[in-house]
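Since the structure comes first, as structure tokens, the remarks are kept for the end.
Bear in mind that the values here come from a model prediction, so they are computed numbers and not experimental data.
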Amino acid sequence: MLKSDASSRTTVLMIGDFPPPVTGAAKNNQIVADLMEDKFHVIRLNTSSTSSALNRSLGYHAIRIVRNARAALGIAWSCITSRQRCTVYHVPNAGYGSIYTVAFVFISYLLRVRCVLHHRSFRYIDRPTRSMRWVQRMMRSTGLHVFLSDGMKQAFAAAYGGDVESLVVSNAAYIDVTMGHQRQPNGKLVLGHLSNLCREKGIFDVIETFRHLRAFRQDVRLHIGGPAMNRDVESELTKLQQEFGEAVTVAGRIQPEEKNRFYEQIDLFLFPTRYAVEAQPNVVFEALASGCPVAAFDRGCIREMIGCESLLVAADAEYAQDVATWIDQISNSHQLSERSSQALSHCALQQAAGKAQLQQVLERF
């Protein structure tokens, strides 16, 4: 795509997390910013801390306060001094961080600048907040809401009203792994989990599921990727490897160039997330794109992400028991191969739709 004349391009003030650290939200922001630079003049206002968002220490919050204050000043300065049309693009914060979102939207409202909110959290949808109601009121004149799925859009409208312009862009638009191949299991069943390894993201449920299966199936293997977020996780992984030896692989942090290989080594992907802000996790789309069916809790947009090839577990169910039973039922080579093929087809359709949705949103800036 040829870049437009710099003197005529809209300036997009993009406020949010950018790597490092690498999180799903930060990675998606980086991809969106890179795509937008073909069409707009993009100013990246980075609000990320130097540690994972799952590790919310005093230092984490101090850095966030400083960076969000700078971002607020950056919006005001750029919008007042720029000779080009400006658009503010922001991924809303949840919890106490919502005060930052209120500030960014308020500045946009005062300056009558287009504001695009790209929602990536279900926390303030599942539990409506006063701060998001304030945001919704200010967004009515010049705002655009972008949601991850139709279900998310409908849930937000039910909580806050739907009288604001809104569109949907699936995270499938940002899949950065190579489309995989149909699995042909050869007698060994390999389960996989890739995330920041912590209780909220489901590592202990993954381990329990593996133990359930190993009780009556010696051909099951477990491949784990991602950094351990605390000592409890490190200790549990060490014990697991000591108990099961080569049947358990703990790969540690997976670099972007290593993700294709990680997914190629597994047959089924486990994602029992309990994370409060979980919405549409990239790793689920990546697993499907690689040809791996997924077993995940019914949280956020996950119900709309997976198809009949995968397993959706009720949020209040016993994940390990339900998933172990499901895996035992589908573990013959024919069923796994068929479900792998369905995962590839299902994800390819979502990826094409997501890219078309993204272009539609960019046209509204």
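Taking a 6.0 Å sphere around CZ of Arg140, one finds it holds more than 12 heavy atoms contributed by other residues, nucleotides or ligands. Atom CZ of Arg261 sits in a sparse spot, with 12 or fewer heavy atoms from other residues, nucleotides or ligands closer than 6.0 Å. Within 6.0 Å of CD on Gln255 lie more than 12 heavy atoms contributed by other residues, nucleotides or ligands. Heavy-atom contacts from other residues, nucleotides or ligands closer than 6.0 Å to CZ of Arg85 number 12 or fewer. Residue Tyr109 places its OH atom among 12 or fewer non-hydrogen atoms of other residues, nucleotides or ligands, all under 6.0 Å distant. Heavy-atom neighbours of Phe106 CZ from other residues, nucleotides or ligands within 6.0 Å: at or below the threshold of 12.
The main-chain N or O of Ile15 is found under 3.5 Å from a side-chain atom of His90 such that the two form a donor-acceptor pair. Using a distance-only test at 3.5 Å, with no hydrogens or angles considered, a donor-acceptor pair links the side chain of Thr273 to the main chain of Tyr275. Using a distance-only test at 3.5 Å, with no hydrogens or angles considered, no donor-acceptor pair links the side chain of Ser337 to the main chain of His334. In this structure, Arg183 contributes its side chain and Ile266 its backbone to a donor-acceptor pair below 3.5 Å. No donor-acceptor distance shorter than 3.5 angstrom exists from the side chain of Glu286 to the backbone of Ile175, with no hydrogens or angles considered. At distances below 3.5 Å, not a single donor-acceptor pair connects side-chain atoms of Ser340 with backbone N or O atoms of Leu336. Within the 3.5 Å criterion, the main-chain N or O of Ala276 finds no donor-acceptor partner in the side chain of Arg123. The backbone N or O of Val177 sits nowhere less than 3.5 Å from a side-chain atom of Asn260 that would complete a donor-acceptor pair. Checked by atom type and distance alone, the side chain of Ser98 never pairs as donor or acceptor with a backbone atom of Ala94 at under 3.5 Å. Side-chain atoms of Gln351 do not come within 3.5 Å of backbone N or O of Ala173 as any donor-acceptor pair.
Distance check, rounded to the nearest 0.5 Å: CG of Leu191 to CD1 of Ile327 gives 5.0 Å. With rounding to the nearest 0.5 Å, the separation of CG in Leu117 from OG1 in Thr101 is 7.0 Å. Once rounded to the nearest 0.5 Å, the distance linking CE of Met152 with SG of Cys301 reads 5.5 Å. The CD atom of Gln350 sits 10.0 Å away from the CD1 atom of Ile306 when rounded to the nearest 0.5 Å. For the atom pair CE of Met36 and CG of Leu358, the computed distance is 9.0 Å after rounding to the nearest 0.5 Å. Summarising the geometry, atom CZ belonging to Arg199 is positioned 4.5 Å from atom CZ belonging to Phe204; distances are rounded to the nearest 0.5 Å.
The minimum heavy-atom distance linking Ala72 with Ile107 is given by the pair O-CD1, 3.6 Å. The minimum heavy-atom distance linking Gln136 with Gly161 is given by the pair NE2-O, 2.8 Å. The two residues Phe365 and Val12 have their closest heavy-atom pair at CD2-CG2, 3.7 Å. The minimum heavy-atom distance linking Gly354 with Val169 is given by the pair O-CG1, 4.1 Å. Closest of all the heavy-atom pairs between Cys79 and Leu13 is SG-CD1, 3.6 Å. A pairwise comparison of heavy atoms in Val105 and Cys115 identifies CG2-SG, 4.1 Å as the closest pair.
Between Tyr89 and Val42 there is no side-chain heavy-atom pair separated by less than 4.5 Å. By the 4.5 Å heavy-atom criterion applied to side chains, Gln359 and Lys355 are not counted as neighbours. Considering only heavy atoms from C-beta on, Arg339 comes within 4.5 Å of Gln335 through its side chain. Counting heavy atoms from C-beta outward, Tyr100 and Thr47 have side chains that stay 4.5 Å or more apart. Using a 4.5 Å heavy-atom cutoff, the side chains of Pro92 and Phe104 are not in contact. No side-chain heavy atom of Phe122 sits less than 4.5 Å from a side-chain heavy atom of Val277. A 4.5 Å side-chain heavy-atom check between Ser78 and Ile43 finds at least one atom pair inside the cut-off. Residues Val190 and Gln265 have side chains not in contact (no heavy-atom distance under 4.5 Å, counting atoms from C-beta outward).
Ala159 meets the side chain to side chain contact (heavy atoms under 4.5 Å, CB included) test with Pro128; sequence neighbours excluded. Partners of Phe244 under the ring pair (Phe, Tyr, Trp, His ring centres under 6.0 Å) rule, at least two apart in sequence or in another chain, are Phe210. Residues satisfying the salt bridge (Lys or Arg N to Asp or Glu O under 4.0 Å) test with Arg217, not counting sequence neighbours, are Asp219, Asp328. Residues passing the salt bridge (Lys or Arg N to Asp or Glu O under 4.0 Å) test with Asp176 are Lys27, Lys259, sequence neighbours excluded. Partners of Tyr96 by ring pair (Phe, Tyr, Trp, His ring centres under 6.0 Å), not counting sequence neighbours: none found. With sequence neighbours excluded, the residues forming a ring pair (Phe, Tyr, Trp, His ring centres under 6.0 Å) with Tyr319 are Phe297, listed by chain and number. Residues passing the salt bridge (Lys or Arg N to Asp or Glu O under 4.0 Å) test with Glu165 are Arg114, Arg364, sequence neighbours excluded. A search for salt bridge (Lys or Arg N to Asp or Glu O under 4.0 Å) contacts involving Asp34 returns Arg44, not counting sequence neighbours. Every residue was checked against the ring pair (Phe, Tyr, Trp, His ring centres under 6.0 Å) condition with His346, not counting sequence neighbours, and none meets it.
Residues in residues 134-154 take part in these ring pair (Phe, Tyr, Trp, His ring centres under 6.0 Å) pairs, two or more places apart or across chains: His119-His145, His119-Phe147, His145-Phe147, His145-Phe156, Phe147-Phe156. Counting only residues at least two apart or on different chains, no salt bridge (Lys or Arg N to Asp or Glu O under 4.0 Å) pair has a member in residues 313-323.
With hydrogens and angles left out, the side-chain atoms of Arg64 and Asn93 include a donor and acceptor closer than 3.5 Å. With no hydrogens or angles considered, a side-chain donor-acceptor pair links Asn282 and Asn28 at under 3.5 Å.
In the hydrophobic clustering of this structure, Leu268 does not group with Leu288; members are Ile, Leu, Val, Met, Phe, Trp, Tyr whose side-chain heavy atoms approach within less than 4.5 Å, directly or through other members. Hydrophobic clustering (ILVMFWY, side-chain heavy atoms < 4.5 Å, transitive): Val220 and Ile224 are in one cluster. By the rule that hydrophobic residues join a cluster once side-chain heavy atoms approach within less than 4.5 Å of another member, Val91 and Ile125 end up as members of separate clusters. Leu148 and Val32 are assigned to two separate hydrophobic clusters, defined by single-linkage of ILVMFWY side chains at heavy-atom distances under 4.5 Å. Linking ILVMFWY side-chain heavy atoms closer than 4.5 Å, directly or via other members, places Ile254 and Phe269 in a single hydrophobic cluster.
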Are Glu258 and Arg253 close enough, and set up right, to give a salt bridge (charged side-chain N to carboxylate O under 4.0 Å, His left out), and what steps lead you there? CA-CA 10 Å; Glu258 299 172 334; Arg253 188 180 296 275; over 6 Å; no

Please set out all donor-acceptor pairs under 3.5 angstrom arising from side-chain atoms of residues 225-239, sequence neighbours excluded.
residue, atom, partner, partner atom, Å
Asn230, OD1, Asp232, N, 3.2
Asn230, OD1, Val233, N, 3.0
Thr238, OG1, Glu234, O, 3.0

